[in-house]
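Labels below follow one simple rule: chain letters A, B, ... track the order of the sequence lines, proteins then strands, and each chain is numbered from 1.
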Number of protein chains: 2
Amino acid sequence: MAKKQHSTIHDIARELNVSASTVSRALQDNPRISESTRMAVRRMADQLNYQPNVMASALRRGSSKTVGVIVPRINRNFFSNVIGGMEELLATSGYHLMICQTHEKLENEVVAIQTLINARVDAVLLSISMETRHNNHLKLLTERGIRLFYFDRVPAGTVSGSVVVDDHLGAYLSVKHLLEQGYRKIFHVSGMDHINIYKSRKEGYLQAMHEAGIDVPQSWILSEPLLLEGGESAFHTGMKMKKKPDAFFCSGDYAALGILQAAKRVGLSIPGDLGISGFANEPFTAFLEPSLTTVDQRGEMMGQTVAEMFLRCEKEESKAGACKQVVLKPELIIRNSSLLNR
Amino acid sequence: MAKKQHSTIHDIARELNVSASTVSRALQDNPRISESTRMAVRRMADQLNYQPNVMASALRRGSSKTVGVIVPRINRNFFSNVIGGMEELLATSGYHLMICQTHEKLENEVVAIQTLINARVDAVLLSISMETRHNNHLKLLTERGIRLFYFDRVPAGTVSGSVVVDDHLGAYLSVKHLLEQGYRKIFHVSGMDHINIYKSRKEGYLQAMHEAGIDVPQSWILSEPLLLEGGESAFHTGMKMKKKPDAFFCSGDYAALGILQAAKRVGLSIPGDLGISGFANEPFTAFLEPSLTTVDQRGEMMGQTVAEMFLRCEKEESKAGACKQVVLKPELIIRNSSLLNR
DNA sequence: TAAAATAGTACAATCGATTGCGCACTTTTT
DNA sequence: AAAAAGTGCGCAATCGATTGTACTATTTTA
């Protein structure tokens, strides 16, 4: 089978006895081209099944119609939702996604940034890795005039465009709900403080507790990896204390699951003996027994919102820094793991 | 802040008083360039922080160092695992991923193909949508000399390079396990037959049943959408029959979950009264009560394998068609929903 | 009616890297 | 010592689209 060549504007030009520049302008609806030739060009273009070579045009104008996305892991429910949301919006505006994973390693993040710079992406949408504490590598982007937008995980002190969910509020609502159910000794399993989201969740927790007039001793806040094992370990730490918790608010669903499993193993009833709430609304939380109260982070909407923000900035030629910071409202999803009085 | 320009091979050439072509060749380790100039070029390159413009080189050589990936949905556990696997491998070889979703619509698949052609991707890795029954749109790819590899969902009669999991075997193992547990009237909730994976799973089911000397009437095979509701509906259909099922083998985990929930709602004990097994090893299956027996499809490995296949073909200049079809071994994960005699 | 404005195109340079061909010089072969 | 082979590099064309400038009619204005 002969390899069919892509046709170019020159092919169209030759067929029509005009110049390539005329074809180029006609296809861009440049007003300097007469209606008649514009039409002729269009007709010939799809007769030849012309498809513009994006690389040629990208090379010329310096913009690739591609945006880079950097996430810790693609195969994490939240992030794949975000990416899904982005793709939907950007695809309709003719943009492509280029996706990189950091696996929570700063080193990979640096490489990814470099890669995306080389690919001459028009913008980078980033959720920083756990290890990221400075932003020297991000300066490379702004130096090259590549817009940078953050979502979900934003480095401390960021003023540039970003979309996050109101973690503080999510935590606050969740803890308030636990308090309303009558729980008092609510412990908190937190992540690491230098990641904004975990810090905010902790603060939301503290605010709800303070408003309820409950003094939270340091010992109630357990900093653990937000995994099954972390939850398990937090559960046992809590249960060994003289003043045992009657509920746990976790900054992650897996940690909450770890607690739930550990609690059931030692015969505690949930929510009777122990209330539990998590964070993220992982798909499995709905199917646990009891089903797990959690906070939905609006992943898909977050993706759409960042994408929208980028598109708007692109149109208005404004800087990413000038774009505001959007804060989405999280949704508290009340399920059985915290529903005492019904 | 002045926008720092990317430096080019011409900048390097000027500094060193050599020609751009020499620089280009030096950077490619072309043997016709002397060791000394090669070194000088290298040194100057990173002194100027040179980064090749991939678009320029892509334009010239007609290859973009990018591969397109088309999946039904990014935010589905299995597919995000696959993509994760691909990314890992391809990134280390300097390839980028461009990702499109079809949302199971043929129409979107056609658009995605066209998009990827325009982006001049070096290859397309595809898992077809539910609606895809012909492959006219795929011919566009081969006509343009773009390699096409399939994973997981392969159109009937495909000979080109593909990676699938042995669905037949997975189903066979699963059903055999159910039989060993003593279940006999094992019903099957299947997907649609024109998708190879569902067809294979059904055949695996049938083979295991035949080998056990059990005759499977048509009525035992329930074709339902593989969702919660589909499972629920299948459960009720089965329970209304005079000869009720004592187990269900489902081609999807969500359908299995639907059955599990429906069964529990009517007071059936699992696995005592009813055995259940699913397919896909969704994360939630491990946390159900009882935990769900299922088949793992090796998503990450599948992604790595297709990526590897592409890289190999690329190196050997062989055609995708010449690449063999790899069949991965699935892993039966036995959990409590089917574990009778312990 | 001559000058000025406008419309519609074409020319040619450009984006940055790649590559076939050829030139000059050195080394090896006969 | 002349011919052949090899080495190291530069020239210039090329990939396909974009765009500033120039050019030729045609139309409008003074």
K.L.:
Reckon A:V23 touches a base, only the sugar-phosphate, or nothing at all at heavy-atom distances under 4.0 Å?
P.N.:
nothing
K.L.:
Grab the CD1-P distance between B:I33 and D:dG6 for me, whole Å please.
P.N.:
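Rounded to the whole Å, the gap is 18 Å.
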K.L.:
Find the distance B:D29:CG to D:dC9:P and express it as a whole number of Å.
P.N.:
14 Å
K.L.:
Assign A:I9 to base, sugar-phosphate, or nothing according to its heavy-atom contacts below 4.0 angstrom with the strands shown.
P.N.:
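Result for A:I9 = base.
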K.L.:
Please pick, from C:dG8, D:dG8, C:dT18, the nucleotide with the shortest atom-to-atom distance to any side-chain atom of B:S24.
P.N.:
C:dT18
K.L.:
Using only heavy-atom distances, determine whether the side chains of A:E88 and A:T92 contain a donor-acceptor pair under 3.5 Å.
P.N.:
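Note: A:E88 and A:T92 side chains miss the donor-acceptor criterion.
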K.L.:
Is B:T8 side chain donor-acceptor paired with the C:dC15 base, going by distance under 3.5 Å alone?
P.N.:
no
K.L.:
Considering just the side-chain nitrogens and oxygens of B:S57, establish if one lies under 4.0 Å of OP1 or OP2 belonging to C:dG16.
P.N.:
no
K.L.:
Report the residue (B:E35 or B:R60) whose heavy-atom-nearest nucleotide on DNA chain D is the more 5′ of the two.
P.N.:
B:E35
K.L.:
What is the separation between atom CG on A:N30 and atom C1' on D:dT19, rounded to the nearest whole Å?
P.N.:
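Rounded to the whole Å, the gap is 10 Å.
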K.L.:
Got A:F79 and A:Q101 here, is their nearest side-chain heavy-atom distance under 4.5 Å?
P.N.:
no
K.L.:
Does a side-chain N or O from A:Q28 land closer than 4.0 Å to OP1 or OP2 of D:dA17, or not?
P.N.:
no
K.L.:
Do A:R61 and C:dG16 share a donor-acceptor pair, side chain to base, under 3.5 Å?
P.N.:
no
K.L.:
Rounded to whole angstrom units, what separation is found between the CD atom of B:Q51 and the P atom of C:dA17?
P.N.:
11 Å
K.L.:
Are any of B:S19's side-chain N or O atoms less than 4.0 Å away from OP1 or OP2 of D:dC11?
P.N.:
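For D:dC11, OP1/OP2 do not have a side-chain N/O of B:S19 under 4.0 Å.
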K.L.:
Between A:D152 and A:V165, is there a donor-acceptor pair closer than 3.5 Å when you use the side chain of the first and the backbone of the second?
P.N.:
no
K.L.:
Between B:T37 and D:dG8, does any side-chain N or O lie under 4.0 Å from OP1 or OP2?
P.N.:
no
K.L.:
Given 3.5 Å as the limit, does a donor-acceptor pair link the side chain of B:T115 with the main chain of B:V111, or not?
P.N.:
yes
K.L.:
I need the CZ-C1' distance between A:R32 and D:dT24, as an integer number of Å.
P.N.:
13 Å
K.L.:
Donor-acceptor pair under 3.5 Å: do we get one between A:R25's side chain and the base of D:dG20?
P.N.:
yes
K.L.:
Round to the nearest Å and state the distance from B:N17 atom CG to D:dG10 atom P.
P.N.:
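One finds 9 Å between P of D:dG10 and CG of B:N17, rounded.
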K.L.:
Between C:dA10, D:dG10, D:dG16, which one does the side chain of B:V18 approach most closely?
P.N.:
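Shortest atom-to-atom distance from the side chain points to D:dG10.
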K.L.:
May I have the distance from A:M55 (atom CE) to C:dA17 (atom C1'), rounded to whole angstrom?
P.N.:
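Between C1' of C:dA17 and CE of A:M55: 12 Å.
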K.L.:
So for B:S21 and D:dC9, does any side-chain atom that can act as donor or acceptor lie under 3.5 Å from a complementary atom in the base?
P.N.:
no
K.L.:
D:dA17 P sits how many Å from A:L48 CG, rounded?
P.N.:
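One finds 12 Å between P of D:dA17 and CG of A:L48, rounded.
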K.L.:
Could you check if a side-chain atom of A:L148 sits within less than 4.5 angstrom of a side-chain atom of A:L138, using non-hydrogen atoms only?
P.N.:
yes
K.L.:
Do the non-hydrogen side-chain atoms of B:Y50 and B:V23 ever get within less than 4.5 Å of each other?
P.N.:
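No, every pair of side-chain atoms sits at 4.5 Å or beyond.
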K.L.:
Which part of the nucleic acid does A:D11 contact within heavy-atom distance under 4.0 Å: base, sugar-phosphate only, or nothing?
P.N.:
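Result for A:D11 = nothing.
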